[in-house]
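Owing to the predicted nature of the structure, the values given are computational and were not obtained by experimental measurement. By convention in this document, chain letters (A, B, ...) are assigned in the order of the sequence lines, proteins followed by strands, and residues within each chain are numbered from 1.
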Number of protein chains: 2
Amino acid sequence: MNYSVVVVDDHFLLSQAIGGLVQGFKNFNVLFLCKNGKELLDKLNNPKNIPDLVLMDIKMPILNGIETTEILKKKFPKVKVLALSIEEDEYTILKMLKAGASGYLMKDTKKNILEKALIEVMQKGYYYTNTVSQILIDSLENEIDTDLKEKEIEFIKLACTDMSYKEIADAMCCSYKTVEGYRDSVHKKLKIKNRIGLVLFAIHHNLFTP
Amino acid sequence: MNYSVVVVDDHFLLSQAIGGLVQGFKNFNVLFLCKNGKELLDKLNNPKNIPDLVLMDIKMPILNGIETTEILKKKFPKVKVLALSIEEDEYTILKMLKAGASGYLMKDTKKNILEKALIEVMQKGYYYTNTVSQILIDSLENEIDTDLKEKEIEFIKLACTDMSYKEIADAMCCSYKTVEGYRDSVHKKLKIKNRIGLVLFAIHHNLFTP
DNA sequence: CAAAAATACAGGGAAAACCCTGAAAATTTG
DNA sequence: CAAATTTTCAGGGTTTTCCCTGTATTTTTG
């Protein structure tokens, strides 16, 4: 059995190099490479381009890994997604797995682990490292209260620019006092004490990419 | 002639994959891989480990690419350094070239460009893409006033946390008014209008890694 | 060594951010 | 449809940030 793989990553050298590694594995061949999620989804309109597995980076321009995975799994549930990211952040990992990824490989992954992961995902349907499993278990216990509303997320993204809250209110077409309300609830939910903390949270949790 | 290459990058898959690419090039072989600058410098204490060329990432834990290159070029001026980074930020590129790098490859570099760059660096002594050349020219014209003082850089790093300026003053063992002075001069130099802008600048220019 | 420049710090005022309480208006739900 | 909840927004006060002018103190430089 031979499996086709697509690598999606905006870092060209990385995707090309990973493609090379995958091509070297038994039973796997690389179909093509993509620079971002948009490019991948466009390509998949042609049935010839549908792979068995997608190796997907998370931080990407235009359409990131989480959004791309959500759309991809809706349209093509059979295509397996293996997340491949530099960041090892709990929140992001959970988001990616919720979106439908079958596994999550970190930046310190070695060649033979990549091969093992590819094989297990195609055969068992999933591959979780110990670190990822532990995060999953912890998340069940803690039940992280991070169900941010749409408006709150929109606010956070704007709070990551050098706009004042008054300017943010204009941009969101609402009162300045409403923006203060968003800020207060976000501060409470995320246990953050000021706007700098909010920016750092947003970056770490991929709500905002600087 | 056969040249030895060392790859320094905290992203294991990337360094391994790039190592694979380089190993495939004529006249080049990979000596070893490193996870950060500290690891590289330690290894170089053994004369057997001194390569002809180092492919160096910039964002790394412990010791970053700029600092590592500075130390490396002082101790071993003959070793060529080729920067290999995800970020294409003017300030960082200039810093890296000033530190002694013989070239700067961006994230969209392709396999054959990498080979060409390696060959040119070893033969001509340098390799600059059009983008990098343009940045160099622009910098000469604009003479970017970004010679931040030590204290200002220390301040910026602290301003990237959720500390108040009062707390920063305590941390820096100086008056609150002095901290305000640092802030004002930094705002002026970098043409920034508030603390969020400063954080974003610091991230983009690798003064701070979130 | 004197002039110039850089550095550390102050006063004081305006703007923005922070943080309560509370109350219409809209939405969800039994 | 009425009750409960969520969302939007207001008043008002405190703290922090921002920004100006100005002045000793130290350092650099001709």
Quiz item: Out of Asp52(B), Leu53(B), Val121(B), which one pairs with Tyr3(B) under the side-chain contact (heavy atoms from CB on, under 4.5 Å) rule?
Solution: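 Option passing the side-chain contact (heavy atoms from CB on, under 4.5 Å) with Tyr3(B): Asp52(B).
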
Quiz item: With respect to Asn46(A), which candidate in Leu44(A), Asn49(A), Asp42(A) satisfies the side-chain contact (heavy atoms from CB on, under 4.5 Å) definition?
Solution: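 One option only clears the test, and that one is Asn49(A).
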
Quiz prompt | Selection from dC9(C), dA17(C), dG11(D) that lies nearest to any side-chain heavy atom of Lys177(B) | solution =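 Within the option list, the nearest is dC9(C).
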
Practice problem: Choose from dA8(C), dT7(C), dT7(D) the nucleotide whose nearest atom is closest to any side-chain atom of Lys149(B). | Solution: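 Nearest listed nucleotide: dT7(C).
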
Practice problem: Would you kindly compare Thr178(B) and Asn194(B) by the position of their nearest DNA chain C nucleotide and give the one closer to the 5′ end? | Solution: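 Closer to the 5' end of DNA chain C: Thr178(B).
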
[N] [atom2] sits how many Å from [X] [atom1], rounded?
X	N	atom1	atom2	answer
Ile196(B)	dC18(C)	CD1	C1'	13 Å
Tyr176(B)	dG12(C)	OH	C1'	12 Å
Ile153(B)	dT7(C)	CD1	P	12 Å
Glu154(A)	dT7(D)	CD	P	14 Å
Ile192(A)	dC18(C)	CD1	P	11 Å

Quiz item: Is any NZ, NE, NH1 or NH2 atom of the basic residue among Glu180(A) and Arg183(A) found under 4.0 Å from an Asp or Glu carboxylate oxygen of the other?
Solution: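 Salt bridge between Glu180(A) and Arg183(A), a charged N being under 4.0 Å from a carboxylate O: yes.
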
Quiz item: Salt bridge or not for Asp170(B) and Lys166(B), using N-O below 4.0 Å?
Solution: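 No, Asp170(B) and Lys166(B) are not salt-bridged.
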
Exercise. For DNA chain D, find the residues of residues 180-188 of chain B with a heavy-atom distance under 4.0 Å and give them by number; none if there aren't any.
Key: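 Per residue number, the list reads Glu180(B), Arg183(B), Asp184(B), His187(B).
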
Exercise. List in numerical order all residues of residues 160-172 of chain A for which some heavy atom is under 4.0 Å away from an atom belonging to DNA chain D.
Key: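 Of all residues in residues 160-172 of chain A, none places a heavy atom under 4.0 Å from DNA chain D.
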
Quiz item: Do the numbers put Lys35(B) on top of the ring of Phe12(B), so that NZ or CZ is under 6.0 Å from the six-membered ring centre and no more than 45° off the axis?
Solution: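 No cation-pi geometry.
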
Quiz item: Looking at Lys151(A), does any N or O in its side chain come under 4.0 Å of the phosphate oxygens OP1/OP2 on dT8(D)?
Solution: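 Affirmative; the distance criterion is met.
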
Quiz item: Do the side chains of Cys34(A) and Val7(A) get nearer than 4.5 Å, heavy atoms only?
Solution: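 With C-beta onward as the side chain, the pair stays apart.
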
Quiz item: Would you say the side chain of Met122(A) lies within less than 4.5 Å of the side chain of Phe28(A), judging by non-hydrogen atoms?
Solution: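 With C-beta onward as the side chain, the pair touches.
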
Quiz item: Under 3.5 Å, is there a donor-acceptor pair between the side chain of Lys124(A) and the main chain of Ile119(A)?
Solution: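 It does not hold such a pair.
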
Practice problem: Ignoring hydrogens and angles, tell me if any N or O in the side chain of Asn36(B) forms a donor-acceptor pair with the backbone of Leu63(B) under 3.5 Å. | Solution: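 The answer is no, because no donor-acceptor pair under 3.5 Å joins these two groups.
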
